[in-house]
Amino acid sequence: MPSEKSMKICILDVNYEVEERGGVEEQVIKILGKTKDGKSVLVLDRSFDPYFYVEPKPGLSESDIETLKGRILELEIEGQKPKKIEETEKNFLGKPVKLLKIFINLPSDVPKFRDIVKDWSDIREEYEHGIPFYKRYVVDRGIVPMNWVSIEGDVIKSELDFDIVIESGKGGIKLLEDKEYPKFNILAFDLELIQKDGEENIVVASFMDNRGFKKVIVLAKNKVRGAKNVLTEQDILKEFMDTVKKRDPDIIVGYNTDRFDFIKLGESSEKYKTPLILGRDKKHMVFRRRGRISAARIGGRVHIDLYDFIEHILGASLSTEVLTLDRVAKELLGIGKENLRWKDIEKAWKGREFEKISKYCLKDSRLTLKLAEYILPQIFEISRVSGQTPFDVARMGYSQLVEWLLIRKAHEENELAPNRPKYDEVMRRRRAVPYIGGYVHIPKEGIHENIALFDFAALYPSITITHNISPETLDCMCCKKKRENKSNMVPGQEHYYCRRHKGFVPKVIEELVKKRMEIKEKMKKAKPNTVEYNYLCNRQYALKIIANASYGYYGYPGSRWYSRVCAESITAWGRMYIKKVIGMAEKMGYEVIYGDTDSLFLKVRNKKEAKEFLNDVNKSLPGVMELDFRDLYKSGIFVLGKTGVAAKKRYALIDSKGNIVIRGFEKVRRDWANIAKDTQEMVLKAILIERSPSKAVKIVRNIIQKLKSNKIMMDDLIIYTQITKPISEYEQIGPHVAAAKKAVERGRIVKEGSTISYIITKGTGSISSRAEPAEDADNYDPDYYINNQVIPAAMRVLAGLGYREEDFLKKEKIEQISLEKYIKK
DNA sequence: CCGCTACGGGG
DNA sequence: GGGTACGTAGCGG
């Protein structure tokens, strides 16, 4: 007997499924929640129907509209007819539009009905047909994930692994004020795999959760200290599922688990015909396709791949440019991985050092858990601001976050969301001539001392708000006649923005910026490192990143609210403001070392001078525009990126605490030989730590000499590249393909997915023709490694110090370049 | 110059 | 599955 009940839950996830009930297919919304006392709750809601809009051709008479409605209602697809039609009116980019809202029985039928009506002559356009059903649901019902709701409904009996399953319906779910989160069970895991006989097997799995639990499962005949040993890979799989079930996590976290660990678990499950059941719904894990990456979904739990979030969102604000678990954990937590290289894991495994690998694996789970405890609160706050589930937030880019927020706000404001651009339109936008971006004050190259960094707080959002930049306020008719536009003309352009009506996008952004200012005020009163302070900090971070992304969204080719003119207007005003500040600095006699878009580096004598400058500037800035002082750096080098063309952000600084801040130098990828990676690292260190460009040059010359005289180990010359399709399918024979073909001719197996290692050897012809599998190569081409590997890697750093390629190649001694030359006194 | 191909994270 | 969502760089031709 179902019993009626009311409860409060914090919503962790929303999803939907199609179920068969009495021979009829029916969609059901599934909400995952958590009560304050730690119970897992599944809420079922069958009261929401999918729909989309069509806009009849303007000018149709009322009877024409009635006929149209009748024709739509008579449509039939596989026995299904539209449920009903409502007439409604919404605003589309500032103008009212009459619409028909067509309700459909099944979510997957929406595109089918839309496909039929899209060619009808009495229909002008269809809208909001591409919005996933569960997203439609949360927007329309005003539900915000990671917030508390009250649920009225019937508790039902269930075989599933939830503490409570409840059926609710329309009006049964109400949003409450946000409060502290309940305590979630968070389980981190990691796998180790070993390749043997061309096959990859899971050999170790480790877990750690936020309730003091840890576990390692190892494939080994004998007992391994600190681990549970099992005899087969299938046993690892079973033990893995058992552990998840017993620990019953709300959130499962890992690092790169969408693209690695869950794929491997899935393959293993297939190999042993063992269904991979990890969810409270007792169903098999599924991959949900999301463009380039598929996301592993586990029913009734939230799988968060921290790497996905770091790659899309957090990475931009880290100083490391390499987003490995080791580097990210070092930067955020101050602890890195066990010092064990990839190849060493294999060696350790072959050497039967099971304990060593267990420890290594468990350390990764620990780092992942600690990282999750740091990062999840950020994801949760972004969920609250954007209205998207943590599962989606962790996998979205900046543009998607802005887009879904705008879609939600559009619904609240009775605005129609513009359609996504079609593929051809995206391509057209992508190919369009780039517009002028931020202003770059060409760096004074070399080494400088005492540099103060200033930047505008949220320059582009402030401009968007101050100048009311929105597609529907652009060159509006209402201001044209009255000539009110004069006060809001884009610098250097013939466009203006409305001064009478607030635009949709600026309104949304202003709300974010105002909320952030309130939070910033609260933060001043709160004690650092308390729960309250950290929460405020994460909330302001969420508000900041979404507000800051709004400019990029106007110019993002896939954008629904794409407006190249708006994007151009924002950068035009941005250039005006930064130039104004640079002009002021110069007038006051400061040397401007470098400036880019919203920031500038000034040479100052001390902090006091920097603060005085800041005060003077801020007195002169209008409205919400504000310059901030970031830090005073002891020294730094500035480098022009690509010479001639756009100057890139490349600089390295030593801050007041002695930390090195590097921008734009790193990133030599794995398809480069070790010799190139190592040379670049040595060059950077010589400059930043020893502050000796001449030593850096000597290092490069030294490596080149060694390459020429055959003194470099072959191992350091190997280039690793993956073969991503069957070899016969390659149209272009790059070096890695040529090497793979040779390996195959010699009887070795190179499949799709193998990584081929090769060396470029001496001889004539193209680079490809001289690529030999590493194990067959008995010589190497010094010129290739000098010109295509070592010099380009070193030049990334040294180009800015005035060196040219020839300087490394000259036979004669290069003139001594002293450090003094680069230090501005 | 264009178009194809790969990387990223993980092991 | 109301699905098909990156940005950049090297190399061959």
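All values below come from the heavy atoms of this structure, side chains included, with hydrogens, waters and symmetry mates left out. Below, chain A is the first sequence line, B the second, and so on; all start at residue 1.
Taking 4.0 Å as the cut-off between side-chain N and carboxylate O, A:Lys359 and A:Glu355 do not count as a salt-bridged pair. Salt bridge A:Arg46/A:Glu26: present, at least one basic N to carboxylate O contact under 4.0 Å. Ion pair A:Asp326/A:Lys330 flagged as a salt bridge, since at least one NZ, NE, NH1 or NH2 atom sits closer than 4.0 Å to an Asp/Glu carboxylate oxygen. A:Asp392 has a carboxylate O that lies under 4.0 Å from a charged side-chain N of A:Lys135, or vice versa, which qualifies the two as a salt bridge.
In summary, the aromatic rings of A:Phe240 and A:Phe189 are positioned with their centroids under 6.0 Å apart.
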Please produce a list of atom pairs where a protein N or O lies less than 3.5 Å from an N or O of nucleotides 1-3 of chain B.
unit_1, atom_1, unit_2, atom_2, d
B:dG3, N2, A:Gln732, NE2, 3.3

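Here A:Asp305 lies out of heavy-atom contact (under 4.0 Å) with every strand. A:Leu193 comes within 4.0 angstrom of the backbone, heavy atoms only, and of no base. Heavy atoms of A:His312 sit nowhere under 4.0 angstrom from any nucleic acid atom. Residue contacts for A:Pro107: at a heavy-atom cut-off of 4.0 Å it reaches a base atom on one of the strands shown. Note on A:Asp364: only backbone sugar-phosphate atoms sit closer than 4.0 angstrom, heavy atoms only; bases stay farther off. Nucleic acid contact class of A:Ile194 (heavy atoms, under 4.0 Å, all strands): none. Using a 4.0 Å heavy-atom cutoff across all strands shown, A:Ile310 reaches no nucleic acid atom at all. Heavy atoms of A:Arg114 sit nowhere under 4.0 angstrom from any nucleic acid atom.
For A:Tyr784 and C:dC11, the shortest distance from a side-chain N or O to OP1 or OP2 is below 4.0 Å. Close to C:dT4, at under 4.0 Å from its OP1 or OP2, lies a side-chain N or O of A:Arg420. For the pair A:Asn788 and C:dC11, the criterion of a side-chain N or O lying under 4.0 Å from OP1 or OP2 is met. Contact annotation: A:Lys112 side-chain N/O to C:dG1 OP1/OP2 distance is not under 4.0 Å. Within the 4.0 Å cut-off from OP1 or OP2 of B:dT5, not a single side-chain nitrogen or oxygen of A:His736 is found.
Contact check of residues 255-267 of chain A against DNA chain B (heavy atom, cut-off under 4.0 Å) returns A:Tyr255, A:Asn256, A:Phe260. At a non-hydrogen distance threshold of 4.0 Å, nothing from residues 46-54 of chain A comes into contact with DNA chain B.
To the nearest whole angstrom, the two C1' atoms, one in B:dG9 and one in C:dC6, are 15 Å apart. Spacing of P atoms, B:dG10 relative to C:dT8, comes out at 22 Å, to the nearest Å.
For A:Lys337, counting side-chain heavy atoms from C-beta on, the closest listed nucleotide (B:dA6, C:dG3, B:dG11) is B:dG11. Checking C:dG1, B:dG11, B:dG8 against every side-chain atom of A:Tyr16, the shortest atom distance belongs to C:dG1. The nucleotide whose nearest atom lies closest to any side-chain atom of A:Arg289 is, among B:dG10, C:dG3, B:dG11, C:dG3. Distance from the side chain of A:Val322 is smallest for B:dG9 among the nucleotides B:dG9, B:dG11, C:dG2. If you check B:dG8, B:dA6, B:dG11 against the side chain of A:Glu192, the one that comes closest is B:dG11. The listed nucleotides are C:dG12, B:dA6, C:dG10; the one nearest the side chain of A:Ser768 is C:dG12. Out of C:dC11, C:dG10, B:dG9, the shortest distance to the side chain of A:Leu323 is found at B:dG9. Taking every side-chain heavy atom of A:Thr324 into account, B:dG10 is the closest of B:dG11, C:dA5, B:dG10. With C:dG2, B:dT5, B:dG11 as the candidates, the nucleotide lying closest to the side chain of A:Lys725 is B:dT5. Comparing B:dG8, B:dG11, C:dG1 by their closest approach to the side chain of A:Tyr307 singles out B:dG8.
For A:Asp49, the salt bridge (charged side-chain N to carboxylate O under 4.0 Å, His left out) partners at least two apart in sequence or on another chain are A:Lys83. For the salt bridge (charged side-chain N to carboxylate O under 4.0 Å, His left out) test, no residue two or more places apart in sequence or in another chain qualifies with A:Arg289. A:Asp140 meets the salt bridge (charged side-chain N to carboxylate O under 4.0 Å, His left out) test with A:Arg136; sequence neighbours excluded. Partners of A:Lys347 according to the side-chain hydrogen bond (donor to acceptor under 3.5 Å, both in side chains) rule, which considers only residues two or more places apart in sequence or in another chain, do not exist here. With sequence neighbours excluded, the residues forming a side-chain contact (heavy atoms from CB on, under 4.5 Å) with A:Pro792 are A:Trp672, listed by chain and number. Taking A:Lys81 as the reference, nothing meets the salt bridge (charged side-chain N to carboxylate O under 4.0 Å, His left out) condition, with sequence neighbours excluded. Qualifying side-chain contact (heavy atoms from CB on, under 4.5 Å) partners for A:Glu20, counting only residues two or more places apart in sequence or in other chains: A:Glu25. Residues satisfying the side-chain contact (heavy atoms from CB on, under 4.5 Å) criterion with A:Ala417, sequence neighbours excluded, are A:Glu128, A:Ile407, A:Arg560, A:Trp561.
Counting to the nearest Å, the C1' atom of C:dA9 and the CE atom of A:Met795 are 17 Å from each other. Counting to the nearest Å, the C1' atom of C:dG1 and the CZ atom of A:Arg136 are 17 Å from each other. We find that CD1 of A:Ile760 is positioned 12 Å from C1' of C:dG10, with the value rounded to whole Å. Remark: P of B:dG8 and CD1 of A:Ile293 are 14 Å apart, rounded to the nearest angstrom. Going from atom CD of A:Glu729 over to atom C1' of B:dC4 covers 14 Å, rounded to whole Å. The CD1 atom of A:Ile202 sits 11 Å away from the C1' atom of B:dG11 (whole-angstrom rounding). The distance from atom NE2 of A:His129 to atom C1' of C:dT4 is 15 Å, rounded to the nearest whole Å. For the pair A:Arg429 CZ and C:dA5 P, the interatomic distance rounds to 14 Å; values are reported in whole Å.
The base of B:dA6 is not paired with the side chain of A:Gln722 by any donor and acceptor separated by under 3.5 Å.
A donor-acceptor distance shorter than 3.5 angstrom exists from the side chain of A:Thr679 to the backbone of A:Ile675, with no hydrogens or angles considered.
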Donor-acceptor pairs under 3.5 Å, side chain of residues 254-264 of chain A to any protein atom, not counting sequence neighbours: which ones?
unit_1, atom_1, unit_2, atom_2, d
A:Tyr255, OH, A:Leu323, O, 2.6
A:Thr257, OG1, A:His303, NE2, 2.9
A:Asp258, OD1, A:Ala296, N, 2.9
A:Asp258, OD1, A:Arg395, NH2, 3.4
A:Asp258, OD2, A:Arg395, NE, 2.8
A:Asp258, OD2, A:Arg395, NH2, 3.4
A:Arg259, NH2, A:Asp308, OD1, 2.9
A:Arg259, NH2, A:Glu311, OE1, 3.0
A:Asp261, OD2, A:Leu191, N, 3.4
A:Lys264, NZ, A:Glu200, OE1, 2.8

